[in-house]
Colleague: 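Have a look at this one before I ask anything.
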Number of protein chains: 2
Amino acid sequence: MTAKASLRDHPAPAASGAEPSRRACLATILRMAGLRATRQRMDLADRLVGRDRHVTAETLYLEASAAGEDLSLATVYNTLRQFQGAGLVREIAVEGLRSVFDTDTSRHHHFYFADEDRIIDIPPGHLLVPDLPEGPEGYEVDRLDIIVRLRRPSR
Amino acid sequence: MTAKASLRDHPAPAASGAEPSRRACLATILRMAGLRATRQRMDLADRLVGRDRHVTAETLYLEASAAGEDLSLATVYNTLRQFQGAGLVREIAVEGLRSVFDTDTSRHHHFYFADEDRIIDIPPGHLLVPDLPEGPEGYEVDRLDIIVRLRRPSR
DNA sequence: TTTATTGCAAATAGTTTGCAAGCGT
DNA sequence: ACGCTTGCAAACTATTTGCAATAAA
């Protein structure tokens, strides 16, 4: 676990005390995913579901901890994988070691700041998205990921 | 280090004994990259440069070892990073734990077989590649990576 | 002979997992 | 009460690095 939380993104979402109606929604979503609405999962769901964020297990863990939430890093890892299985988040294709998860599961793509280890969405209209190509015989296209690598101008 | 070498790809390239002219080319390339033409680097360069391959450190190490080449995994890792710095290979953006390197540094994109941990090039013409978009203020576009995720038909 | 490079083993980073204790229903 | 979850620590996988031995120039 690294000390620096490098994946900055949109404004930090509300802390653990979501409004009752949102809590109810989140609880329902968890149940529908076959998961018990535990305190830890409710908190993480509140930070992720319906928001536009790019997180790693570590950034999410640090954020929740800083907000006074008491949970373990292992639970964050496990919860992210469970949420992924339920389609609530999805893993972004980036080179490098850590897994980055995106809470926006609609079709969109990413700018990757190569020197800063940071990811943001590509605003709609900035990129002509190609049609899905044919996959090889016997396979179907699951989805298409585009990563536009950015860097500071060379000179 | 895992036992299974899962990244299959194009036919295995010739073993350590490349023709003299090719050896000379490889040596020149290494020098131009500021690297001494050691036996290990010559062998790895022979397996990579001018070929169309997708390798991980481990698959490359297993291949060279199986061919009777005597080198260490650490050297393969270091050499791949050096080659990457010299622009001889480049890392492919894929989710997941290992780093995959591509010896084809020209503009092309990839099919990713999600269930099989395998990558192949997308044949030219199969994908309408979009124009490079504008980067945000103060950044320039380094390159654009497209990964088309494939899976076996659902049912 | 001088300096870069290698190999080993240990260190590091990220992630997963086994199991006892605890919480949700 | 029952069984899913959690947290901890240990295990695991991938990769990097320090350093003494070695090979290239």
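Predicted, not measured: the structure shown is a model, and the values here were computed from it. Basis for what follows: all heavy atoms, side chains included, without hydrogens, waters or symmetry-related copies. All chains are named by letter (A, B, ...) in the order of the sequence lines, taking the proteins before the strands, and each is independently numbered beginning at 1.
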Colleague: Could you state the atom-to-atom distance from OH of B:Tyr77 to P of C:dA9 in whole Å?
Modeller: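 To the nearest whole Å, that distance equals 17 Å.
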Colleague: For the pair A:Arg39 and A:Asp43, find out whether any cationic side-chain nitrogen is under 4.0 Å from an anionic carboxylate oxygen.
Modeller: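 No, no charged N to carboxylate O under 4.0 Å.
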Colleague: Reckon B:Arg81 has a side-chain N or O less than 4.0 Å from the OP1 or OP2 of D:dT15?
Modeller: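 So the side chain of B:Arg81 is outside the cut-off, no N or O lying under 4.0 Å from OP1 or OP2 of D:dT15.
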Colleague: Output the single nucleotide from C:dG7, D:dT15, C:dT17 whose closest atom is nearest the side chain of A:Asn78.
Modeller: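 The nucleotide sitting nearest to the side chain is C:dT17.
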Colleague: Rounded to the nearest 0.5 Å, how far does CZ of A:Arg41 lie from CG of A:Leu35?
Modeller: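 Between A:Leu35 CG and A:Arg41 CZ, I get 4.5 Å after rounding to 0.5 Å.
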Colleague: To the nearest Å, give me how far apart CZ (A:Arg41) and C1' (D:dG7) are.
Modeller: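 Whole-Å distance recorded here is 14 Å.
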Colleague: Have a look at the helix from C:dT1-D:dA25 to C:dT25-D:dA1 and give the angle its two end axes make, five pairs each, rounded to 10 degrees.
Modeller: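 Answer rounded to 10°: the end axes differ by 30°.
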Colleague: Using a 4.0 Å heavy-atom cut-off, does B:Gly96 contact any base of the nucleic acid, only the sugar-phosphate backbone, or nothing at all?
Modeller: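 Counting heavy atoms under 4.0 Å across all strands, no contact is made by B:Gly96.
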Colleague: Identify the two heavy atoms, one from B:Leu44 and one from B:Phe83, that lie closest to each other, and give their separation to 0.1 Å.
Modeller: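 Closest approach of B:Leu44 to B:Phe83, heavy atoms only: C-CE2, 4.2 Å.
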Colleague: Looking at OG1 of B:Thr103 and NE2 of B:His54, how far apart are the two atoms once the value is rounded to the nearest 0.5 Å?
Modeller: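 Result: 7.0 Å between the selected atoms.
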Colleague: 5'-most contact on DNA chain C: A:Ala37 or B:Asp70, nearest heavy atom basis?
Modeller: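 Comparing both residues, the 5'-ward one is B:Asp70.
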Colleague: Can you check whether B:Thr38 has a side-chain N or O nearer than 4.0 Å to OP1 or OP2 of C:dT6?
Modeller: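 For C:dT6, OP1/OP2 do have a side-chain N/O of B:Thr38 under 4.0 Å.
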Colleague: Quick check on DNA chain D: between B:Ala57 and B:Leu35, whose nearest nucleotide comes earlier from the 5' end?
Modeller: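 Upstream on the strand: B:Ala57.
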Colleague: Between C:dT25 and A:Arg36, counting only base atoms on the nucleotide and side-chain atoms on the residue, is there a donor-acceptor pair under 3.5 Å?
Modeller: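 No such pair is found, so the answer is no.
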Colleague: Just N and O in the side chain of B:Gln40: are any of them under 4.0 Å from OP1 or OP2 of D:dA23?
Modeller: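 Result: no.
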Colleague: Roughly, in whole Å, what's the span from CD in A:Glu91 to P in C:dT15?
Modeller: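 So the CD-P distance, A:Glu91 to C:dT15, works out to 8 Å.
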Colleague: Under the 3.5 angstrom rule, does the side chain of B:Arg149 hit a backbone N or O of A:Asp145 as a donor-acceptor pair?
Modeller: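 No; zero donor-acceptor contacts below 3.5 Å.
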Colleague: Can you tell me the distance, in whole Å, between the CG atom of B:Leu71 and the P atom of D:dA24?
Modeller: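 Value for this atom pair: 14 Å.
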Colleague: From CG of A:Leu73 over to P of C:dT15, roughly how many Å is that when rounded to an integer?
Modeller: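 Taking CG of A:Leu73 and P of C:dT15, I get 9 Å after rounding.
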Colleague: Rounded to the nearest angstrom, tell me the gap between atom CZ in A:Arg31 and atom C1' in D:dT5.
Modeller: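 After rounding, the gap between these two atoms is 14 Å.
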Colleague: If you measure from the Lys or Arg side-chain nitrogens to the Asp or Glu carboxylate oxygens, is any gap between A:Asp46 and A:Arg22 under 4.0 Å?
Modeller: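 Counted as a salt bridge, because a side-chain N and a carboxylate O are separated by less than 4.0 Å.
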Colleague: Inspect the surroundings of CD in A:Glu134 and state if more than 12 heavy atoms from other residues, nucleotides or ligands are less than 6.0 Å away.
Modeller: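 No, the 6.0 Å shell around CD holds no more than 12 heavy atoms from other groups.
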Colleague: Does B:Leu97 or B:Gly34 map to a spot on DNA chain C nearer the 5' end, using the closest nucleotide for each?
Modeller: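 Nearest-nucleotide comparison on DNA chain C picks B:Gly34.
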Colleague: On the nucleotide C:dG14, are OP1 or OP2 found under 4.0 Å from the side-chain N or O atoms that A:Arg98 carries?
Modeller: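 A:Arg98 to C:dG14 OP1/OP2: side-chain N or O found under 4.0 Å.
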Colleague: To the nearest Å, give me how far apart CG (B:Leu30) and P (C:dT5) are.
Modeller: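 So the two atoms are 10 Å apart, to the nearest Å.
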Colleague: Are a donor atom and an acceptor atom from the side chains of B:His109 and B:Asp121 found within less than 3.5 Å of each other?
Modeller: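 No donor-acceptor contact under 3.5 Å links the two side chains.
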Colleague: For A:Gln82 and C:dT15, what is the distance between atoms CD and C1' respectively, to the nearest whole Å?
Modeller: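 Taking CD of A:Gln82 and C1' of C:dT15, I get 14 Å after rounding.
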Colleague: Just N and O in the side chain of B:Arg39: are any of them under 4.0 Å from OP1 or OP2 of C:dT5?
Modeller: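 No, because none of the side-chain N or O atoms of B:Arg39 sits under 4.0 Å from OP1 or OP2 of C:dT5.
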Colleague: Taking only N and O in the side chain of B:Thr75, is any of them less than 4.0 Å away from OP1 or OP2 of C:dG7?
Modeller: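 So the side chain of B:Thr75 is within the cut-off, an N or O lying under 4.0 Å from OP1 or OP2 of C:dG7.
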